[in-house]
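This report concerns only the one structure given below.
Numbering starts at 1 and runs along the sequence shown. In each ligand, atom 1 is the first atom listed, and ligand 1 is the first ligand listed.
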Amino acid sequence: MFSKTILSSALLALPFSILALPAPASPALFRRDAGPVLEQDSVNASLPNVTIYATGGTIASKGETSGQTVGYSVGLGVKDLVDAVPEILNISNIYGLQVANVGSQEVDYNILLALAHNITKDLAKEETTGVVVTHGTDNLEETAFFLDLVINSTKPVVVVGSMRPATALSADGPLNLYQAVTLAASEKAKNRGAMIVLNDRIGAAFYATKNSANSLDTFYATEQGQLGFFINQVPYFYYTPAAVPGKPHFSVGANTSLPQVDIIYTHEDNNPALVKASIESGSKGIVFAGSGAGSVDDAMLAVAEKQFNSTHTPMVVSHRTVDGFVPVEDVQDYMIPSGFLNPQKARVLLQLAVNAGYSNEKVREVFDALHP
Ligand code: GLU
């Protein structure tokens, strides 16, 4: 199992190409001002500049044997990841920042905000071509979706992971990382928001989701499709850049935390007390993973309505099916349908909207705008 190991050197810049940056005097976890530095006189000026932000996950994991593909542990740093694919130094100058080294089930707002703050500063630099985030696949889509909504740049943000640890036969991490850096360094990748790269596929962070818990070919959006594909390590896009209708942008530049927003997964014999428990434990918004197109049972709805009337906590209804759309006709008036967004993505959007101080009506407008 993964242990939560946040490196004491978190946010130390670890440049591999040629640079040796001085360590900060007292490295603090998730320092917001610790963006990587590019020094033009020590890089190959003919190459693009890509920064890798490492957070852990299977791509940074080791097993006991080459056959082990479960039960391994996180243990490789960002430099190890690059050392496994020296070829990427031929396509880009590479800079590295170890933001965390955890299984993605441990990713929290500290890590998300550290990524957002550093990437924002990094991409604002003219010399930065794009960024790559290495991440565990389990919660990868949430981080990718978050970055898609908070990074305001035309430059590529590519989130990558692997399904096999670095020690496995046919480990997929090195090639996935190679493709991610290739994409981040590519002109063709601009203006496409955050993207997810695994197993030759290029997916939109907005829609791609993890479909299989075990298979290498796990990230895609069944209904919305993929953005592109790698052929012989060259990214090909199916379309010119396309915009998600009504995609909002949120600023988290001043944030050191994000509000608690919970997901309640519905099922037969549901426990309605979870709604009150969520709010009483500090939740500022709730997403219901409804069955079908957002069904929630009457007993839970009764508690939810009572809680809404007394606390005005925004409540969004999503679908527990992998694909689907929650229509406004299927939810109570005080609830907000998530449309196409799955519960984990609806949760990120609700969290950012609450964080922005939006009224419930404004939150509803944000969700509605995604499916005009
Ligand atoms: N549970 C681990 C994580 O999300 C491993 C999953 C993976 O990276 O494939 O980091």
Side-chain angles (χ1 to χ4, degrees), residues 1-7 10 29-30 52-82 84-85 96-115 132-148 157-181 183 194-203 205 208-221 263 265 322 342-345 347-348:
M1 293 300 294
F2 285 87
S3 59
K4 180 163 182 167
T5 315
I6 297 180
L7 294 188
L29 290 184
F30 313 128
I52 299 176
Y53 292 83
T55 68
T58 298
I59 195 168
S61 292
K62 294 187 286 190
E64 298 296 318
T65 67
S66 59
Q68 186 182 353
T69 54
V70 298
Y72 41 80
S73 22
V74 173
L76 300 174
V78 60
K79 188 168 186 318
D80 300 316
L81 302 187
V82 175
V85 214
L97 204 63
Q98 192 76 47
V99 179
N101 214 3
V102 297
S104 65
Q105 64 276 12
E106 307 296 343
V107 170
D108 59 11
Y109 64 68
N110 288 307
I111 296 172
L112 293 175
L113 291 172
L115 287 170
V132 168
V133 177
T134 61
H135 202 286
T137 58
D138 289 356
N139 296 349
L140 185 151
E141 68 190 82
E142 293 170 54
T143 296
F145 185 74
F146 173 84
L147 294 175
D148 199 31
V157 174
V158 183
V159 189
V160 65
S162 76
M163 292 299 284
R164 291 182 182 147
T167 43
L169 288 170
S170 298
D172 52 332
L175 189 58
N176 287 348
L177 184 61
Y178 184 91
Q179 293 183 340
V181 170
L183 192 63
M195 289 166 280
I196 296 174
V197 164
L198 253 91
N199 208 36
D200 297 323
R201 293 185 194 277
I202 306 167
T209 190
K210 186 175 185 180
N211 288 272
S212 166
N214 314 98
S215 155
L216 267 60
D217 194 21
T218 180
F219 277 96
Y220 49 88
I263 297 174
Y265 195 97
V322 173
N342 66 21
Q344 55 273 33
K345 294 194 185 211
R347 194 199 73 83
V348 172

What residues, two or more places apart in sequence or in another chain, satisfy side-chain contact (heavy atoms from CB on, under 4.5 Å) together with Ser215? Ser212, Asp217
Counterpart residues, side-chain contact (heavy atoms from CB on, under 4.5 Å), relative to Ala166 (two or more places apart): Leu76
Contact (N/O only, under 3.5 Å) between [X] and ligand 1:
X: Asn139; result: no
X: Lys210; result: no
X: Tyr72; result: no
X: His135; result: no

Of all the atoms in ligand 1, which lie at a distance below 4.0 Å from a heavy atom belonging to Thr58? 5 (C), 6 (C), 7 (C), 8 (O), 9 (O)
What verdict does the side chain to side chain donor-acceptor pair (under 3.5 Å) test give for Thr134 and Tyr53, after you've listed the backbone C-alpha separation in whole Å, the side-chain angles of each residue and the deciding distance to 0.1 Å? CA-CA 6 Å; Thr134 61; Tyr53 292 83; over 6 Å; no
Among Asn211, Thr209, Leu140, side chain to side chain contact (heavy atoms under 4.5 Å, CB included) partner for Phe219: Leu140
Is it true that Ser162 lies under 4.0 Å from ligand 1, counting heavy atoms only? yes
Side chains of Thr167 and Lys62: any donor to acceptor distance under 3.5 Å? no
Polar contact flag, side-chain donor to acceptor under 3.5 angstrom, Asn139-Gln105: no
If you compare Asp138, Val107, Val102 by their heavy atoms, the one closest to atom 1 (N) of ligand 1 turns out to be Asp138
